[in-house]
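Okay, so here's the structure we're looking at.
Numbers for residues simply follow the sequence, beginning at 1. Fair warning: this is a prediction, and the values are worked out from it, not measured in the lab.
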Amino acid sequence: MMDMPKILVVGSFVKDLIVSTPRFPNAGETVLGNSFQTASGGKGANQAIQAARLGAHVTMVGKVGDDVYGREMISSCLECGIDCSRVMMDDKAPSSIGNVQLQIGQDGKTQNRIIVVPGANMAIQKEDIRFLETEIANYDMVLLQLEIPMEINELVAEYAYQKNVPVMLNSAPSAQISDCLISKLTYISPNEYEAADLTGIRIHRNGQNVNEKDVKAVIHSLIERGAQNVLITLGSMGAAFGNKKEFYLCPAVKNVSAVDPTGAGDSFVGAFCTLVSMGIDYERAVSIANYVGALTVSHMGAQPSLPSLEQVKALIHERDDDVLLGLQKAAV
Ligand code: RIB
């Protein structure tokens, strides 16, 4: 069996407060919802947990408040075997919370809207992460998102770049990113809306298909700005991957019951990074990550729905898809 990759996530913890409703309220309107629950989330912690559930050795660096939510979120990561020894507790800022509204329509279609109040995530200081300047060299891949201060992402990306450690930036939630940061990235992964904000290029859909020309234009634009590889998540259309030489458009997994899309992008990114770090080629990594995302949408809540390697293998096996060979070749 191969050595599993060592992955560092510098990112957010968010406690998700989830209400489900038959329809989103309009401005100024009140609607009666169906249910309420809480779940641990946050793009950083979700991606860390997904990587760990696929077998990676994961270290999480981030900040929570010194409160019940903070302790619960650290516990969720510890339960998955994640090294949280570098997770900090802020004595002033509270833990971040996410207001997650989940619309479950009469047709069974689900959609979410999320407002994150960043709390302690935005209290990470440069001094808090200086130790990474040398320690970053111990990792096979670094994962970043945009729920912590931009200057922290810039510093971590710089450290990784100096030590030749591949860096993935999941550019969510949407924000403008400097060319300097983009040029330090091995991988950048926006969804189609974040991609439009970053590049000004909208990805159009022709019925059931995405417009490939638009997708290639987004990839080209980000490569021009210095990114090495671009991975675009396209929801029910799957995902696209491109660099200067390769281009793959991998369809989403069909016939999966969509219960809650929260965390699907995170599971996809966490899985892609783990699989690529295991030596799986890009096209297979995207296809397998699509299965991981599909399993995530089929359960409620972000972290509770992130699948294990065994669950992923079982679904691929059930669909008789030869991407399974990719996982078997990596002997996991
Ligand atoms: O990507 C989903 C996550 O975004 C949720 O868990 C929520 O906490 C927000 O950070």
Side-chain angles (χ1 to χ4, degrees), residues 47 50-51 54 141 143 166 168-172 186-196 199 201-223 227-258 261 263-298 306-307 309 311-330 332:
Q47 291 173 26
Q50 186 58 76
L54 297 182
M141 175 86 83
L143 272 74
M168 157 68 84
L169 173 68
N170 171 220
S171 52
T186 323
Y187 305 96
I188 182 166
S189 181
N191 66 20
E192 59 201 292
Y193 308 106
E194 292 145 8
T199 64
I201 301 163
R202 221 182 112 208
I203 298 175
H204 295 89
R205 294 181 177 216
N206 312 322
Q208 284 305 297
N209 301 309
V210 279
N211 183 316
E212 208 174 297
K213 245 175 102 182
D214 294 341
V215 176
K216 285 184 172 165
V218 167
I219 292 172
H220 179 73
S221 164
L222 291 168
I223 300 275
Q228 291 172 41
N229 300 282
V230 182
L231 178 63
I232 308 171
T233 50
L234 298 162
S236 60
M237 300 284 168
F241 175 91
N243 55 31
K244 281 189 178 153
K245 293 193 198 127
E246 299 159 280
F247 175 74
Y248 308 110
L249 196 50
C250 302
V253 178
K254 302 274 179 281
N255 301 324
V256 174
S257 75
D266 299 330
S267 65
F268 178 88
V269 170
F272 174 84
C273 291
T274 308
L275 295 162
V276 165
S277 304
M278 282 160 50
I280 292 178
D281 62 78
Y282 290 138
E283 189 176 13
R284 279 212 180 92
V286 177
S287 300
I288 298 167
N290 275 338
Y291 278 95
V292 177
L295 281 162
T296 305
V297 301
S298 64
L306 303 172
L309 184 60
Q311 289 170 305
V312 179
K313 280 183 175 172
L315 179 62
I316 301 177
H317 190 256
E318 188 188 303
R319 299 296 171 98
D320 202 15
D321 188 331
D322 66 11
V323 291
L324 193 56
L325 289 174
L327 280 177
Q328 280 158 354
K329 269 197 201 145
V332 290

Which value, rounded to the nearest 0.5 Å, describes the distance between Tyr187 atom OH and Asn170 atom CG? 14.5 Å
More than 12 heavy atoms of other residues, nucleotides or ligands under 6.0 Å from NZ of Lys254: is that the case? yes
Does the side chain of Met168 reach to within under 4.5 Å of the side chain of Leu231, using non-hydrogen atoms? yes
I need the minimum non-hydrogen distance between Gly235 and Glu192, along with the two atoms involved. N-OE2, 4.3 Å
Please tell me if the side chains of Val256 and Arg319 come closer than 4.5 Å, counting only heavy atoms from C-beta onward. yes
Counting heavy atoms not belonging to Phe247, are there more than 12 under 6.0 Å from its CZ? yes
Taking atom NZ of Lys216 and atom CD1 of Ile232, what is their separation to the nearest 0.5 Å? 12.0 Å
Here the gap from His220 atom NE2 to Lys244 atom NZ, rounded to the nearest 0.5 Å, amounts to 10.0 Å
Asn290 versus Phe268: any side-chain heavy-atom pair under 4.5 Å? yes
On a heavy-atom basis, the closest approach of Gly270 and Leu143 is CA-CD2, 4.2 Å
May I ask you to test the Gln311-Leu315 pair for a side-chain heavy-atom distance under 4.5 Å? no
Modelled atom types, side-chain donor and acceptor of Ser267 and Thr296, under 3.5 Å: yes
Ala239 and Val286: which non-hydrogen atoms are nearest, and at how many Å? CB-CG1, 3.8 Å
Looking at every heavy atom in both Ile188 and Ala227, which two are closest together, and how far apart are they? CG2-CB, 3.8 Å
Does atom CZ of Arg205 have more than 12 heavy-atom neighbours from other groups under 6.0 Å away? yes
For His204, is there any backbone N or O sitting under 3.5 Å from a side-chain donor or acceptor partner on Asp214? yes
Passes side-chain contact (heavy atoms from CB on, under 4.5 Å), Leu295 versus Val253? Steps please. CA-CA 9 Å; Leu295 281 162; Val253 178; over 6 Å; no
Can you name the nearest heavy-atom pair linking Leu54 to Pro307, along with the distance? CD2-O, 4.2 Å
Distance from Tyr282 atom OH to Ser287 atom OG, nearest 0.5 Å? 14.5 Å
Glu194 side chain vs Asn191 backbone, donor-acceptor pair below 3.5 Å: yes
Test item: Asn229 side-chain N/O and Thr186 main-chain N/O as donor-acceptor pair under 3.5 Å: yes
Can you tell me how far apart CD (Glu212) and CG (Asn206) are? Round to the nearest 0.5 Å. 10.5 Å
Between the main-chain N or O of Arg284 and the side-chain N or O of Asp281, is there a donor-acceptor pair closer than 3.5 Å? yes
Of all heavy-atom pairs between Ala195 and Pro190, which one has the smallest distance, and what is that distance? N-CB, 3.7 Å
Quick check on Gln208: does its CD atom have over 12 non-hydrogen neighbours (other residues, nucleotides or ligands) under 6.0 Å away? no
The reported gap from CE in Met237 to CG in Asn211 (rounded to nearest 0.5 angstrom) is 11.5 Å
